[in-house]
2 protein chains.
Amino acid sequence: MKAAADPAGRQVAVLVVILTVNEGRLQVLLIRRSAEPFKDAWSLPGGLLTPGESLQEAAVRKLDDETGLTDVFLEQLYTFSDLDGRGSIAVAYFALVDIGVAHLSRRREWLPAWFPVDDLPALAFDNEGVIDYALRRLQAKLDYSNVAYSLLPEEFSLSQLQRTYEAILGRALDKRNFRKRILSLDIVEPTGRVASEGRHRPAQLYRFRERKAVVF
Amino acid sequence: MKAAADPAGRQVAVLVVILTVNEGRLQVLLIRRSAEPFKDAWSLPGGLLTPGESLQEAAVRKLDDETGLTDVFLEQLYTFSDLDGRGSIAVAYFALVDIGVAHLSRRREWLPAWFPVDDLPALAFDNEGVIDYALRRLQAKLDYSNVAYSLLPEEFSLSQLQRTYEAILGRALDKRNFRKRILSLDIVEPTGRVASEGRHRPAQLYRFRERKAVVF
DNA sequence: CCAAAAGTGTTGGCTGTACACCCATGT
DNA sequence: ACATGGGTGTACAGCCAACACTTTTGG
């Protein structure tokens, strides 16, 4: 609020770590860079703030560009000041999307694609660190919030929910304890419908009582 | 990482919420603004990034300017993009200091002073919101980290530590349970010395095993 | 009838909470 | 002697983790 240095300001970019669960694995959306530096390397989607735009607006815009989604869990993660070596500021966000409704942008130059977080290609800048940070934050939030609502369709079985948790935490969970805990948290309610997909016993379907982030 | 808009960049400022515990109350350091807008209003210390400086460096510099301290708990809090109405980006940090060793800057124009967080004057911009955010984060961290190390002198009694916790949480704690919990966390160790200050029974002194932030 | 996933309870250990009295010191 | 804060143990409740079998369906 004082000091007159640096009147020209800084480049401010927004990065978005977009996560989903697919085929039992936690995956992150990456694009191929079309500009130097790190041209043709994989990186997190992001871009500079446009004039008059807030950080949240820029993150929402980026997410929409890449997935066509706007109404999902999206949270500020951390602000980095040295990712590209010099000067620019990068504000990282992380978002959780249901792969079933995310439609990847097909702008050919960007080549967006999903990668399992435990099997990433070489990344531009220090993007591994950013993804790692997002992952730890997500794991911490699973325990005391309903963030997973954003990774699943509106109706889902408890087994599906459990598989989602297991993908994120990277370890198996006990079925009975899981159900007991989720039900006692009172964050889901049965829909009365059952899922007949598969060649197995139909499962009771549930929905989240709140389809927005709730912290306990 | 793409898009060429806004080549001039943005003003990037750092804000520091400097907290201490004094006289049983959690207090925050405020300065009086010497420039418009909000000239003469109280506000959080902060300033623009200088060229070539990282965010962390700027926060450390600001903290040093105000308190003469550098080796304390300091953590990034959140990045705001609309605090001053338009355009500029403010990266907020929060710091915890021992009031016994913090020496307030005496540059007359700034008038730094401590205010209890539950009795703040009118503040510039949306600084109340920033302080509130810092307070909630601090309360959450108390439970699963040793952040309080930064609020106390090197040696302290468990009663002192408890008073510090109570000031932050804003409620009384049970003495026996508090001691049991702290000791079982294994974050402090007895120094063997006792404090003879006061006109009371001397207290066993402890120190933190780690004088840096440890998260569990 | 077989394969695959859904659904369902009990027990033991641990952790957190409530609660009251005696002690050492300085004045 | 008294005022002040330092120091200590136990009992109960709630929470979490471990653990295995039966049911329903489709093929």
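Naming convention: chains lettered A, B, ... in sequence-line order (proteins, then strands); numbering from 1 in each chain. Only this structure's heavy atoms are used, side chains among them; waters, hydrogens and symmetry mates stay out.
Near DNA chain C, meaning a heavy atom under 4.0 Å from it, residues 176-187 of chain B has Arg176(B), Asn177(B), Lys180(B) in order of number. Residues of residues 155-174 of chain B that place a heavy atom closer than 4.0 Å to DNA chain C, in numerical order, are Asp174(B).
Atom OH of Tyr206(B) is separated from atom C1' of dG6(D) by 11 Å (rounded to the nearest Å). Summarising the geometry, the separation between NZ on Lys175(A) and P on dA5(C) is reported as 10 Å, rounded to the nearest angstrom.
Side chain of Gln204(A) to main chain of Pro190(A): no donor-acceptor pair is present (N/O by atom type, distance under 3.5 Å, no hydrogens or angles). Formation of a donor-acceptor pair under 3.5 Å by the Arg209(B) side chain with backbone atoms of Asp186(B) is found in this model. In terms of modelled atom types and a separation under 3.5 Å, the side chain of Gln139(B) and the main chain of Ile168(B) share a donor-acceptor contact. Side-chain atoms of Ser43(A) never come within 3.5 Å of backbone atoms of Arg33(A) as a donor-acceptor pair (strictly under, hydrogens ignored). With hydrogens and angles ignored, the 3.5 Å screen pairs no side-chain donor or acceptor of Arg207(A) with any backbone N or O of Glu155(A).
If you find the closest nucleotide of DNA chain C to Leu205(A) and to Pro202(B), the one lying nearer the 5' end belongs to Leu205(A). Mapped onto DNA chain D by nearest heavy atom, His200(B) and Gln204(B) fall at different nucleotides, with His200(B) at the one closer to the 5' end.
Counting only heavy atoms from C-beta outward, the side chains of Leu77(B) and Glu75(B) never approach each other to under 4.5 Å.
None of Phe94(A), Tyr93(A), Tyr133(A) except one satisfies the ring pair (Phe, Tyr, Trp, His ring centres under 6.0 Å) rule with Tyr78(A); the exception is Tyr133(A).
Judged as a side-chain contact (heavy atoms from CB on, under 4.5 Å), and not counting sequence neighbours, the contacts of Ile99(B) are Thr20(B), Asn22(B), Trp114(B).
Residue Arg201(B) places no side-chain atom within donor-acceptor reach of the base of dA24(C), judged by atom type and a 3.5 Å distance cut-off alone.
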